[in-house]
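Structure, as C-alpha cells:
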Amino acid sequence: MISVTGEYLINIIERHVNRTIGFRRHYPVEELTPECFMDATNEEMADFILSIPYFDESLKKFILAFSNEKTIIISQAWEIAFIVRVRKWAESDDWLHGAFRLSMNSCANGVRGKDFLTLPY
C-alpha cells in the first residue's frame with residue numbers, strides 16, 4: 001500500500017497519452033514524426049481524464065484536484081488496474097478519433113462492471 005496524490009496519477013496518464021497523442025491530433029500516418037508526439041497539452045490531458053469511461057466521477061475529481069482529499073492509499077493491484085484502464089482508453093478508437101469535448105459529463109454512460117474503477121475505499 002502506498003499513499004499517492006492526483007499528480008502521481010496524472011503522471012501515469014501522461015505517459016500513456018503522450019504515446020498516442022499524435023494520432024488523436026489527426027496527423028496523416030505518412031507525416032507522423034517525433035515532433036507530432038510532443039507532450040499532450042493541459043487541455044488534452046483534462047479531456048482524457050474527463051472522458052475516460054472507466055473511472056467514476058469521484059476518481060476523476062480526485063485526479064483533477066476537485067476533491068477535498070489530497071492523497072489516497074492504493075494497493076499495487078489497484079495501481080495496475082488503473083494503468084490497464086488508462087492504456088485501454090489511450091489506445092481506443094473512441095479516444096483517438098473522438099471530438100474534443102472538455103466536459104465532466106462527456107462519458108456519463110461510463111462502462112460499469114468489471115472495467116469500472118472507483119476510489120480504493
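In what follows, every heavy atom counts, from backbone to side chain, and hydrogens, waters and symmetry copies are set aside.
- Side-chain contact between Val86 and Ile13 is present, with heavy atoms from C-beta onward closer than 4.5 Å.
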### Trace of the ring-ring contact (aromatic ring centres under 6.0 Å, His included) decision for Phe55 with Phe82
CA-CA 9 Å; Phe55 295 169; Phe82 181 86; 5.0 Å; yes

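- Between Phe48 and Trp89, the angle of the ring planes lies from 30° to 60°, which puts this pair in the tilted group.
- The distance from atom CD of Glu14 to atom CG of Asn42, rounded to the nearest 0.5 Å, is 8.5 Å.
- Side chain of Asn18 to backbone of Asp39: no donor-acceptor contact under 3.5 angstrom is found.
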Which donor-acceptor pairs under 3.5 Å do side chains of residues 4-12 form with protein atoms, sequence neighbours excluded?
unit_1 : atom_1 : unit_2 : atom_2 : d
Thr5   : OG1    : Glu7   : N      : 3.4
Thr5   : OG1    : Tyr8   : N      : 3.2
Tyr8   : OH     : Glu79  : OE2    : 2.4
Asn11  : ND2    : Glu7   : O      : 3.4

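- Under a 3.5 Å cut-off, the side chain of Asp47 and the backbone N or O of Glu43 do not form any donor-acceptor pair.
- Side-chain contact check for Tyr54 versus Val84: every heavy-atom pair is 4.5 Å or farther apart.
- No chain of hydrophobic side-chain contacts below 4.5 Å, direct or via other Ile, Leu, Val, Met, Phe, Trp or Tyr residues, connects Ile80 to Ile63.
- Across all non-hydrogen atoms, the minimal contact from Gly98 to Arg24 is O-NH1, 2.9 Å.
- For Glu69, the side-chain hydrogen bond (donor to acceptor under 3.5 Å, both in side chains) partners two or more places apart in sequence, or in a different chain, are Tyr121.
- Scanning both residues, Leu50 and Lys60, for their nearest heavy atoms gives O-NZ, 2.9 Å.
- For Lys88, the side-chain hydrogen bond (donor to acceptor under 3.5 Å, both in side chains) criterion is met by Asp115, not counting sequence neighbours.
- Scanning all heavy atoms of the two residues, the minimum distance from Leu117 to Arg85 falls at CB-CD, 3.8 Å.
- With rounding to the nearest 0.5 angstrom, the CG atom of Leu119 is 11.0 Å from the CD atom of Glu57.
- Between Arg25 and Glu44 there is a salt bridge, since a side-chain N of the basic residue sits under 4.0 Å from a carboxylate O of the acidic one.
- Between the side chains of Asp56 and Ser58, at least one donor N or O sits under 3.5 Å from an acceptor N or O.
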With a 3.5 Å cut-off and sequence neighbours excluded, list the donor-acceptor pairs that the side chains of residues 70-77 form with protein atoms.
unit_1 : atom_1 : unit_2 : atom_2 : d
Ser75  : OG     : Trp78  : N      : 3.1

